[in-house]
Every structure is written in C-alpha cells, then in structure tokens.
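Here the structure is laid out as structure tokens; the discussion comes afterwards.
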Amino acid sequence: RDVEARFRPFDHVPAWERLVEHAADPNVFYAPWALLPAVRHLRGGQALRVLLFLRNGEGEVLDGLLPLFERTCGGLVTSLHSYQHRYCFSAEPLLCRGREGEVARSFAAWLQQRRFRHPLLTLRGLDSEGVWLRELGPALRGRGLRYQQSAPVQRALLRLNVGLEAFLQRTPAKKHREYRRLQERLAELGELRLQVLRPDARDLQAWLDEFIVLELKGWKGREGTALGSRAECRRFFEETARSAHARGLLVMMRMSLDGRPVAMLCDFLAPPGRYAFKTAYDEDYARYAPGVLLEIENARQTFADPRGVEWLDSCAAPDNALLNRLYPDRRTLSDLTACAQGLAWVGLWMSARLKRLRQRRKRLAQAQSGD
C-alpha cells in the first residue's frame with residue numbers, strides 16, 4: 001500500500017535506514033542523513049510531498065521512498081516534480097531490492113487516482129539503465145497514463161573494475177608528463193602534502209571550515225553559488241557532512257602547500273556507489289592545476305581503497321571537459337514526463353503554452369529594459 005506522508009520523517013527513520021541498506025539502486029541524496037538537512041535548510045517555499053510505500057508485515061516494512069514537490073503551472077493545474085535542490089545530483093527513488101515492480105505499480109495507481117489534481121509528473125535525471133525507469137514505463141501504460149522520455153545526456157563515471165592501469169592509460173602520456181611537471185613545480189614553492197580525512201578524526205569542523213573558505217575564494221564565491229555564500233547552504237553542508245562522517249560515509253581530501261589548502265574535495269559514499277559532491281581549489285595557484293592533480297590522486301586512492309565502492313559518479317555537468325577526459329565511463333540520464341489521457345492531457349498542453357508565453361513576455365521585457 002502506498003502512503004502519502006505528512007512529512008513526519010522521524011516516525012519512519014528506522015525503516016528508512018533499512019531501505020537505504022537494501023536499495024536496488026543507491027542514492028546518497030535521498031538517505032535520511034542527507035535529505036532531512038536539505039528539507040530543513042534548502043526547501044524554501046516548495047510544497048514537499050513524500051511518498052512512502054509501506055508493506056504490511058512484521059513491523060513496518062518500507063519498500064520505497066520518493067520525494068516530490070508541487071508546482072503550479074499557468075495558475076490552472078498543479079504538477080509534481082522530482083525533489084532536487086542545487087546540491088542534489090540524483091533523483092533516483094529508493095526502492096527495496098526485489099520490490100521495484102510493486103512500488104512502480106503502486107505509484108502508477110496513486111498517480112492515476114489523482115490524474116486531475118496532478119495531471120503532470122516530471123521525474124528528472126533518472127538513470128537510463130536503472131531499475132526504476134525500466135519498471136515505471138510498463139506500470140504507467142498499465143494505468144493508461146501517457147509518458148515520454150527526454151533525449152538522454154551523459155556525465156562522467158569511473159567504474160573501478162577497469163583497474164588503475166586502464167584508468168591511467170585513458171590520459172595520454174604527454175598529459176601525464178605535464179601533470180608530473182606541474183606537481184613538481186608546485187612542490188618547489190613549499191611543502192606539498194596530500195591528506196585524507198581519517199574516519200576517527202576529531203578535527204572535522206576545521207576541514208569543513210577550510211573547504212568553505214577555499215570555495216568562497218574562487219569563482220563560485222564571486223558568483224554567489226558557493227556553499228558559504230548563504231547561511232542556509234552552509235548549515236545544510238555542515239549538518240550533512242557531520243552525519244556522513246559519523247556513519248563512515250564521508251571522504252575528504254586536501255592538497256596543502258606549507259599547511260595552506262590549495263585544493264580540496266568532498267565525496268559521499270553509498271556503496272556500491274560514491275558521489276563526487278564538491279571540489280574547490282585556490283585560483284592563485286591555477287597555473288599548477290591543483291584541482292586536476294587532486295582529482296587524479298582521488299582516483300588513485302579510490303582504486304587502492306575502494307571501501308565497497310564499484311563506481312564513482314562525477315556528479316558533473318555533461319560538458320565538463322576535464323572529467324570527461326579523466327573518467328572513461330558514462331552515466332546516461334534522462335527525464336520522464338507522465339500525464340493522464342483526455343482532458344488532463346489538454347490541461348498539460350495549455351499549461352505548457354502558458355508557460356512558454358510567460359517566458360516569451362519575460363524575455364521581451366528584459367530586451368526592452370536593456371534598450
């Protein structure tokens with residue numbers, strides 16, 4: 001049975017934690033220790049709706065969890081969208097392994113029952129090879145719901161089964177020589193050290209503070225998109241990082257020169273996956289490419305100590321040339337839009353037309369103000 005939660009998350013955290021451990025496809029951003037801080041600090045005015053797919057049994061058995069938010073389209077209908085914030089790089093729902101089909105069918109039934117209240121559903125950034133997309137299509141068709149998938153995009157992924165040598169061979173020998181030369185030149189400026197945050201480290205807050213300061217110093221700080229640019233973003237990051245560290249799921253690396261960080265990164269673990277969450281580097285040393293050097297060292301460390309990880313998701317934009325060059329594999333992502341037939345489909349078409357008209361008027365107004 002599917003339950004539409006009035007988001008009282010702490011009532012379900014134990015079952016939620018078990019679902020994370022048995023998920024068919026991992027998603028670190030929907031784990032309770034990552035999603036709850038996001039809801040507290042980053043939700044803003046979004047109307048959040050969390051679907052919990054509960055099964056009767058011995059105690060509470062949670063087969064699936066899908067967070068959505070509501071958006072009004074053209075002032076006429078309310079659409080549902082994957083819940084994502086600026087630091088959420090996956091919207092794959094949590095599905096209990098072996099129960100994926102049941103959850104998909106329950107979700108399609110829930111959506112069909114509310115087809116006039118919520119005629120439009122948009123799920124973004126779904127793994128094209130994931131079990132959810134594979135099960136959802138037949139479930140929607142079975143309920144008479146129309147849907148379509150967007151053209152897929154790809155982002156860089158590193159599969160550890162390729163081996164370290166195959167990874168290194170991905171980069172031309174000329175580039176390897178250039179990176180070694182840059183590292184040697186950087187080391188000539190002072191004591192160059194590579195450090196990894198220990199699982200039992202007591203100086204976590206110092207690491208987080210250094211990362212915030214380093215990111216603020218660069219272009220993200222100038223554009224106001226750094227974690228430290230907004231108090232709520234910093235609170236989200238610190239709370240999430242502390243919770244991940246307490247569970248042994250936080251990976252942080254630092255390249256420092258005479259004790260000052262010149263590049264840092266922060267990853268989250270969700271075995272068999274690992275997600276590259278954030279990177280930062282000191283632009284004063286940009287000529288030495290410290291961010292690239294740290295990415296290479298991060299890959300080396302991951303191969304040497306995988307910690308149950310089979311792949312590393314770059315979480316980067318599809319056009320990120322650096323990571324596309326370094327990481328040989330790809331994760332294929334696509335959006336799915338579903339809508340009921342008949343009048344609801346007409347409502348979707350009208351709301352889409354109204355949205356385009358509003359966007360056109362906005363562009364015209366901006367052009368006229370520019371004149």
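The neighbour count for Glu17 CD, taken as heavy atoms of other residues, nucleotides or ligands under 6.0 Å away, is above 12. In His176, the NE2 atom is crowded: over 12 heavy atoms of neighbouring residues, nucleotides or ligands sit closer than 6.0 Å.
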Q.
Under the criterion side chain to side chain contact (heavy atoms under 4.5 Å, CB included), I'd like the reasoning laid out for Tyr179 against Ile296: C-alpha separation, chi angles, the key distance, then a yes or no.
A. CA-CA 9 Å; Tyr179 293 147; Ile296 294 173; 3.4 Å; yes
Q. Run the side chain to side chain contact (heavy atoms under 4.5 Å, CB included) check on Val61 and Arg99 step by step: do they pass?
A. CA-CA 11 Å; Val61 181; Arg99 301 289 298 178; over 6 Å; no
Q.
Assess the residue pair Gln205 and Asp209 against the criterion (side-chain hydrogen bond (donor to acceptor under 3.5 Å, both in side chains)); give the C-alpha distance rounded to whole Å, side-chain angles, the decisive distance to 0.1 Å, and a yes or no.
A. CA-CA 6 Å; Gln205 190 59 49; Asp209 291 341; 2.9 Å; yes
**Q.** Evaluation steps, side chain to side chain contact (heavy atoms under 4.5 Å, CB included), between Val28 and Leu269
**A.** CA-CA 7 Å; Val28 71; Leu269 298 176; over 6 Å; no
Q: Test Thr332 against Gln154 for side-chain hydrogen bond (donor to acceptor under 3.5 Å, both in side chains), laying out the working first.
A: CA-CA 4 Å; Thr332 304; Gln154 293 185 321; 3.2 Å; yes
Q.
Pair Glu310, Asn161 - check side chain to side chain contact (heavy atoms under 4.5 Å, CB included), show working.
A. CA-CA 7 Å; Glu310 298 175 5; Asn161 60 3; over 6 Å; no
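A distance below 6.0 Å separates the ring centres of Phe167 and Phe303. Aromatic rings from Tyr87 and Phe237 are positioned such that their centres are separated by 6.0 Å or more.
Ring-plane geometry between Phe277 and Phe268 is classed as tilted, the angle between the planes lying from 30 to 60 degrees on a 0 to 90 degree scale. The aromatic rings of Trp132 and Phe107 sit tilted, their planes meeting at an angle between 30° and 60°.
The residues Glu178 and Lys175 are annotated as salt-bridged, a charged nitrogen and a carboxylate oxygen being separated by less than 4.0 angstrom. Salt bridge status for Glu184 with Arg181: absent, with no side-chain N to carboxylate O gap under 4.0 Å. Between Glu102 and Arg55 there is no salt bridge, since no side-chain N of the basic residue sits under 4.0 Å from a carboxylate O of the acidic one. The residues Glu238 and Arg234 are annotated as salt-bridged, a charged nitrogen and a carboxylate oxygen being separated by less than 4.0 angstrom.
Leu94 contributes atom CG, which lies 14.0 Å from atom CZ of Arg18 (distance to the nearest 0.5 angstrom). Atom CG of Leu65 sits about 5.5 Å away from atom CH2 of Trp16, to the nearest 0.5 Å. Atom CG of residue Leu197 and atom NE2 of residue His245 lie 4.5 Å apart, to the nearest 0.5 angstrom. In this structure, CG on Leu121 lies 7.5 Å from CG on Leu140, to the nearest 0.5 angstrom. A distance of 5.5 Å separates CG in Leu336 from CD in Gln149, rounded to the nearest 0.5 Å. One distance of note links NZ of Lys220 with OG of Ser229; it measures 10.5 Å at 0.5 Å rounding.
Counting only heavy atoms from C-beta outward, the side chains of Glu191 and Asp258 approach each other to under 4.5 Å. Counting heavy atoms from C-beta outward, Tyr281 and Glu295 have side chains that stay 4.5 Å or more apart. Using a 4.5 Å heavy-atom threshold, the side chains of Leu95 and Asp25 count as separate. The closest side-chain heavy-atom distance from Leu111 to Leu145 is below 4.5 Å. Leu323 is not listed as a side-chain neighbour of Leu158, based on a closest heavy-atom distance of 4.5 Å or more. A 4.5 Å side-chain heavy-atom check between Arg170 and Val162 finds every atom pair outside the cut-off.
Hydrophobic clustering (side-chain heavy atoms under 4.5 Å, transitive across Ile, Leu, Val, Met, Phe, Trp, Tyr) groups Val39 together with Val50. When hydrophobic clusters are built by joining Ile, Leu, Val, Met, Phe, Trp and Tyr residues whose side-chain heavy atoms come closer than 4.5 Å, directly or via intermediates, Leu35 is not grouped with Trp33. Cluster annotation: Leu192 is connected to Leu265 through the hydrophobic network of ILVMFWY side chains, with a link wherever side-chain heavy atoms come within less than 4.5 Å. Hydrophobic clustering, with ILVMFWY side chains joined whenever heavy atoms are under 4.5 angstrom apart, groups Phe29 together with Leu227. No single ILVMFWY cluster, assembled from side-chain heavy atoms under 4.5 Å apart, contains both Leu126 and Leu333.
The main-chain N or O of Leu214 is never found under 3.5 Å from a side-chain atom of Asp282 such that the two would form a donor-acceptor pair. Checking side-chain atoms of Asn324 against main-chain N and O of Asn320 turns up a donor-acceptor pair under 3.5 Å. A donor-acceptor distance shorter than 3.5 angstrom exists from the side chain of Arg115 to the backbone of Gln112, with no hydrogens or angles considered. Proximity of a side-chain donor or acceptor of Arg307 to a complementary backbone N or O of Gly248 within less than 3.5 Å is detected. Judged by distance alone, the side chain of Glu92 and the main-chain N or O of Asp127 form a donor-acceptor pair under 3.5 Å. A donor-acceptor contact shorter than 3.5 Å is absent between the side chain of Asp63 and the backbone of Leu54.
Of all non-hydrogen atoms in Met255 and Leu293, the two that sit nearest each other are CE-CB, 3.9 Å. Contact detail for Pro152 and Ser334: the closest heavy-atom pair is CA-CB, 4.1 Å. Among all heavy-atom pairs drawn from Arg97 and Ala23, the shortest one is NH2-O, 3.1 Å. Between Ala104 and Ala139, the shortest heavy-atom distance links the atoms O-CB, 3.5 Å. Of all heavy-atom pairs spanning Tyr275 and Pro26, the tightest one is OH-O, 3.0 Å.
Screening Arg155, Arg159, Arg274 against Asp313 for a salt bridge (Lys or Arg N to Asp or Glu O under 4.0 Å) leaves a single residue, Arg155.
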